[in-house]
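Working notes, beginning with the structure itself.
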Amino acid sequence: DVRAPVSASAACEMVTINADAAGWLGAVGLAPHAPFTASAELYAEVARLAHARDLRATTHLAESREEMEMFRDGRGALFEFMKAIGRPMNDCGSTSPLALLSRTGILDARWIIAHLNELTPTDLAVLETGPKFHIVHCPRSHAYFDHSRFRFAELRALGFNICLGTDSLASNHDLSLFAEMRAFTQNEPSLSPRELLEMVTVNAAAALGQREALGMLRAGFAADLIAVPWHGRASALLEELISHDEKIGWLMVGGTVKSTR
């Protein structure tokens, strides 16, 4: 609502009315884009409705140096652009993007936060004592924009559930999670193949509030799976799975087999 302010309550209620029709594992959420494009009022209303309807909410936060410069320093290219299109800038020039959103008190385990690339020492202290939301890191988008180093080890040590995502086709030539796993292992070579796979399966299921329905092949879970051809040693299965770079030729969704060929 940065260009033309809207009623946050009316906008969110319109979305959540449609959520009642969702039949697949409650797969509806609310997604204000980022603190520099969505107002504090919109974030507050999203948080209220997410709590009332038990919905997931997601946003982009602390993604770039320009975002940090805008909020913490009150200057820079993003600051000038947002000011020029009429955004109120009275929340800029004092603190980091993470601190700004954290002090509202809206963040909790329902939130999925994309990026968190730009963090100050103070931010890490805030994260240590604050609520443990879910974090999505997008390795190839991160490399494309040459963001600051993702603080994976520190964030994992603080107890955050960290997943891998693609961000969008604006910074990728495809939306392959296999490619994201391979890209991430270049930055975090100590991670095992199993840990990488968990970041796109069981960790992601937890972020969606579907720990008991998604992310594993198990009785009672959703019958959603893919098949990847493999004729080698079983001991090398996970390494080979991550290296898969062909089209997926067989998948099952909700127990129904669908061919992608």
Side-chain angles (χ1 to χ4, degrees), residues 1-8 11-12 30-47 57-108 111-156 158 160 162 165-172 183-184 187:
D1 59 349
V2 64
R3 287 184 180 270
V6 298
S7 165
C12 290
L30 301 172
H33 170 244
F36 58 89
T37 55
S39 68
E41 292 76 19
L42 185 59
Y43 272 103
E45 186 64 13
V46 164
T58 183
T59 194
H60 295 236
L61 182 64
E63 180 175 2
S64 67
R65 298 179 184 91
E66 292 78 11
E67 184 182 349
M68 176 67 78
E69 193 176 35
M70 170 179 162
F71 284 110
R72 184 187 60 189
D73 306 325
R75 58 181 173 81
L78 184 60
F79 178 92
E80 295 299 334
F81 173 74
M82 301 307 294
K83 181 180 179 180
I85 65 173
R87 181 192 187 277
M89 308 304 287
N90 56 343
D91 56 353
C92 299
S94 61
T95 192
S96 70
L98 172 67
L100 184 71
L101 199 57
S102 293
R103 67 173 53 163
T104 66
I106 67 171
L107 295 178
D108 58 24
W111 283 85
I112 302 170
I113 304 297
H115 305 305
L116 284 190
N117 298 323
E118 298 293 332
L119 298 173
T120 68
T122 302
D123 284 339
L124 291 173
V126 169
L127 292 172
E128 184 175 4
T129 58
K132 296 300 183 281
F133 45 78
H134 308 273
I135 300 171
V136 179
H137 175 55
C138 306
R140 291 187 296 163
S141 176
H142 187 277
Y144 180 86
F145 290 111
D146 192 28
H147 293 310
S148 297
R149 181 182 67 86
F150 179 61
R151 310 287 282 273
F152 173 71
E154 294 98 318
L155 292 169
R156 186 167 69 162
L158 290 175
F160 286 92
I162 304 176
T166 61
D167 200 11
S168 78
L169 288 173
S171 53
N172 278 318
F184 192 52
N187 298 325

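Just so we're clear, the structure is a prediction, and the values are computed from it rather than from any experiment. Positions are given from 1 along the sequence.
Scanning both residues, L61 and P97, for their nearest heavy atoms gives CD1-O, 3.7 Å. Heavy atoms only, all atoms of each residue included: D167 and C138 are closest at N-SG, 3.5 Å. Heavy-atom minimum distance, L100 versus T104: O-CG2, 3.5 Å. Counting all heavy atoms, side chain and backbone alike, A183 lies closest to R140 at CB-CG, 3.7 Å. Between N117 and H137, the shortest heavy-atom distance links the atoms OD1-ND1, 4.3 Å. For Y43 against W111, the heavy-atom pair with the smallest separation is CD2-CH2, 3.8 Å.
Relative orientation of the F152 and F184 rings is perpendicular, given thresholds of 30° and 60° on the angle between their planes. Note: H147 and H115 have tilted aromatic rings, judged against thresholds of 30 and 60 degrees for the angle between ring planes.
A side chain to side chain contact (heavy atoms under 4.5 Å, CB included) with M70 is found for exactly one of R87, R65, E80, namely R87.
With a 4.5 Å cut-off on side-chain heavy atoms, F133 and T59 do not count as touching. With a 4.5 Å cut-off on side-chain heavy atoms, P35 and F71 count as touching. Between D123 and M68 the shortest side-chain heavy-atom distance falls below 4.5 Å. Considering only heavy atoms from C-beta on, L119 stays 4.5 Å or farther from E154 through its side chain.
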(request) Kindly indicate, with the supporting measurements, whether the criterion side-chain contact (heavy atoms from CB on, under 4.5 Å) is fulfilled by F79 and D73. (result) CA-CA 9 Å; F79 178 92; D73 306 325; over 6 Å; no
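Residue F160 holds its CZ atom at 9.5 Å from CD1 of I113, rounded to the nearest 0.5 Å. Once rounded to the nearest 0.5 Å, the distance linking CD1 of I162 with NE2 of H134 reads 12.0 Å. Within the model, atoms CG of D1 and CD of E45 stand 11.5 Å from one another, a figure rounded to the nearest 0.5 Å. Taken to the nearest 0.5 Å, the CG atom of L101 stands 11.0 Å off from the CG atom of D91. Here L127 contributes atom CG and T122 contributes atom OG1; the two are 11.0 Å apart, rounded to the nearest 0.5 Å. L98 CG to R103 CZ: the interatomic distance, rounded to the nearest 0.5 Å, is 10.5 Å.
Within a 6.0 Å sphere centred on NZ of K132, other residues, nucleotides and ligands contribute more than 12 heavy atoms. By the neighbour-count criterion of 12 heavy atoms within 6.0 Å, atom CD of E128 is sparsely surrounded, having that number or fewer from other residues, nucleotides or ligands.
Within the 3.5 Å criterion, the main-chain N or O of V2 finds no donor-acceptor partner in the side chain of T37. Put simply, the side chain of E67 gets close to the backbone of A62: a donor and an acceptor are under 3.5 Å apart.
Taking T58 as the reference, A31, I112 meet the side chain to side chain contact (heavy atoms under 4.5 Å, CB included) condition, with sequence neighbours excluded.
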